[in-house]
Every structure is written in C-alpha cells, then in structure tokens.
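Below: one structure, written as structure tokens.
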Amino acid sequence: MFGQLVRWQLYGRCVYAVPSRTINVDSSTKLGFPCAYNDEETRKILNTINEQEVEELYKYNISKYRLKKIEGWRKKFGSFLSLEQVLELDGFGVTVLRKFYDSIVHGPKEDAAVAPKAIKRDVKFTTPLLSAQMIPKVTSCVSLHVGLDYVTWANFKLAKEQPTALVGWNSYNISDRKLHINELIRNVSQMNRLIPAADVYVVENPPVAQASAMGSAVQTNINVQRSQLIGMLMLMLANRASPFTEGGSNQPTDGSIGSNVFFLKQYLSARLFGIFVGNERVSSEEVIRSLMERQLAPNEEALESTQSRLIIPSGLKIIYEENDSTEREFLGQSLLLGLTFLRLCIFKCEDSLKIFRR
C-alpha cells in the first residue's frame, strides 16, 4: 500500500523517501470485504468518511459508537485509503459497513424517517417505574445501601420551594457473612424497626446471578446472603403504609403501580457523581465532603431546581466524621443513592438526566 522505499546516496548518507499515500478506488476484496461499488461511488464514500465532520455523519446508517471509532482513526492516522480499511476498526463487520456505505451512496434518510430516533425517550431508572401521578405525593425517601458488613440508610425530607433535607443517617452492622436463615430473619426484623418510615424506599438493583468459577463457593454464599437480605428487607418495607394506596389496601388510587419500594438501576449514582472509573466504583468521600460544604459535586453544572440542593445538618456531619473509613463509605453510598433517585426520578433535573441521554 505504501510502495517501495526509494534510496538515494547523498553526501555519504543514505536518505529514504516514502511515496505519498494514495487512495485506492479499486473494487478489491481485501479483508473479505465484498466490494460492489464502482469508482465513482467509492470516491464518494471515501470523501464522505474522510472529509465530513463527524456530526454530519450521524445522518447516515451508523451508530454513535462506531462513529467514535472513525473519529479516533482520523485523528491518529488521517484519511482512510480504501473502503475495506474501515474493517480494521473495532465494531465494524461486513454487514454493518455495507449498510453504512449504501446510505452514503443513496443519500441519507428523509427527515421523517430519522425523526423517531431523534426523540429523547425517558430512560428507565427504576423497577417498577415511578408514575407521574405518584411523584407529587412523595414527601420523604429512605435510600438503603446493602453491603457485606453493613446496611446503611439515608432519610430525606422534601418540601416545595425548599432544598431537600437529610434528616437521618444510620447503619446496621452485620456480624457474620454466613448467617443461618433464622439469624438473617432476626437481623432483618431489627433493621426494619430501626429504619424510619417514608413514602418511598430505594435500593440499588442487585446484580444478576451468574455462574461462579470453581473454588468461589464462599463468594457465592456471600452473594446469595446479600440477595436474601435485600429481598427480606424490601418485603418488610413494602408492607408499610404507603401514600399510593388507601385504607391499607394494596390497590393504587390512580390506576398506577402502588409500590413504595423501588430498585434503582446499578451504578447510576456512581456515574452521576463521577465515582465510576472503568468497571469499578471508587470512593465517595470526596463527593460527600463537597456536598457537606455545599459545593457542586461532579457532573452538577447548575442545579436549576431549589429542591435539588441538599442540606446536611451539622449533627449528621459529625456522625459521618466519627465513623471509620469503611462505614463512612457505606453511609456515603446510601446518601448518593437517594440523591440520585430524587434528581432523576422526582425532580427530573435536566443536568442529571442529560448524562444518561448521551
């Protein structure tokens, strides 16, 4: 592709000249690409992917992820020299590339055809969904973080035209990671008495059970106990009085789901507050201290709603500081979990929502 190196002898030194890279418009089948485009169509495709702004390429039949790959190649290597060269990028196969090239050759889709894709749909954040009729009834929320050694919870009070207040912050230590089911029930009953009443209760959705590798029976037992703990605890909380039902019945008053227990999608709080790095959740302590000092935490460009702001009383700040680093981390996770639920599902903060609409 790059031709032969040309060698000249100049003043006793060898000088090598590399011929310039030229675009190949031949209908070759390198890398298995069944090229069916003539020279004119090939030039049109190459000119499009090499010269148009990446934002303009969205109108063709290609995903945002693959366009990022094209953008990265262009920044690093410059132009694509042949149609099949795009196959070297991760995520590109023959079928995907043919659809992309066909949309370039035949022109982008009409606006009416692409309009449905441009509509911003609400992301599903919770299971079950929180209906619009239920949102105005929520005046309090308890978020729970269930770890291996601790269950921590944060209690929030909501008021119109007022910042949200953190009114409770507590934890329960689990003494053994391999509890008998009877001991597990006793611990859950004690926690149920300690957790304050609220309109809604929120916990992060537990991970889907997966086949364990050999030799990890201990870890499997721990994961099973954690799932049992979450299930029992949320069942007890679900049996509490709810503002979404009347007379203690389980039937909602507005035709929507009458649940007061919600499972938040995994890692939402970590992504919202910038503590999700790679595939790992990092410490929340820096974010919590920023919130205590009433500074903007990561990804909080401007909170347009007064209710989106958080007030943490000095007494609860002291409680946080008096605990060791492990318990502080669990307390912080429960606070961020509840704040994420409120901003995404109750207050509908645009600055928060746009992070998950990208």
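FYI, the numbering just counts along the sequence from 1. Because only heavy atoms are used, hydrogens play no part in the values below, and waters and symmetry mates are left out as well, while side chains stay in.
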(message) Once ring pair (Phe, Tyr, Trp, His ring centres under 6.0 Å) is applied, do any residues pair with Tyr172, and if so which ones, sequence neighbours excluded?
(response) none
(request) Sequence neighbours left out, what passes ring pair (Phe, Tyr, Trp, His ring centres under 6.0 Å) with Tyr58? Give chain and number order. (result) none
(request) Under the salt bridge (charged side-chain N to carboxylate O under 4.0 Å, His left out) rule, collect the residues that match up with Asp149, sequence neighbours excluded. (result) Arg177
(request) Could I get the full list of side-chain contact (heavy atoms from CB on, under 4.5 Å) partners for Glu322, not counting sequence neighbours? (result) Ile318
(request) Please collect all salt bridge (Lys or Arg N to Asp or Glu O under 4.0 Å) contacts where either partner lies in residues 193-206, sequence neighbours excluded, each pair once. (result) Glu204-Arg281
(message) Quick test of your reading of the model: are Glu321 and Arg289 salt-bridged, counting only N-O distances below 4.0 Å?
(response) yes
(message) Restricting to side-chain contact (heavy atoms from CB on, under 4.5 Å), what partner residues turn up for Ala165, sequence neighbours left out?
(response) Val167
(request) Scan residues 154-170 for pairs that pass side-chain hydrogen bond (donor to acceptor under 3.5 Å, both in side chains), counting only residues two or more places apart or in two chains. (result) none
(request) Would you please name every residue forming a salt bridge (charged side-chain N to carboxylate O under 4.0 Å, His left out) with Arg74, sequence neighbours left out? (result) none
(request) State, yes or no, whether a side-chain contact exists between Arg240 and Ile195 at a heavy-atom distance under 4.5 Å. (result) yes
Donor-acceptor list for residues 325-333 side chains, cut-off 3.5 Å, not counting sequence neighbours:
unit_1: Glu327; atom_1: OE2; unit_2: Ser171; atom_2: OG; d: 2.2
unit_1: Arg328; atom_1: NH1; unit_2: Asn323; atom_2: O; d: 2.7
unit_1: Glu329; atom_1: OE1; unit_2: Ser283; atom_2: OG; d: 3.2
unit_1: Glu329; atom_1: OE1; unit_2: Ser284; atom_2: N; d: 3.1
unit_1: Glu329; atom_1: OE1; unit_2: Ser284; atom_2: OG; d: 3.4
unit_1: Glu329; atom_1: OE2; unit_2: Ser284; atom_2: N; d: 3.3
unit_1: Glu329; atom_1: OE2; unit_2: Ser284; atom_2: OG; d: 3.3
unit_1: Glu329; atom_1: OE2; unit_2: Gln333; atom_2: NE2; d: 2.7

Identify all side-chain donor-acceptor contacts of residues 227-234 below 3.5 Å with residues at least two apart in sequence or on another chain.
unit_1: Ser227; atom_1: OG; unit_2: Asn223; atom_2: O; d: 3.1

(request) Output all residues satisfying side-chain contact (heavy atoms from CB on, under 4.5 Å) with Leu89, sequence neighbours left out; order by chain, then residue number. (result) Lys69, Ile70, Trp73, Phe80, Val86, Phe92
(message) If the condition is side-chain contact (heavy atoms from CB on, under 4.5 Å), which residues does Lys68 pass it with, not counting sequence neighbours?
(response) Glu71
(request) Following the transitive rule for hydrophobic clusters with a side-chain heavy-atom cut-off under 4.5 Å over Ile, Leu, Val, Met, Phe, Trp and Tyr, establish whether Leu336 and Leu344 coincide in one cluster. (result) yes
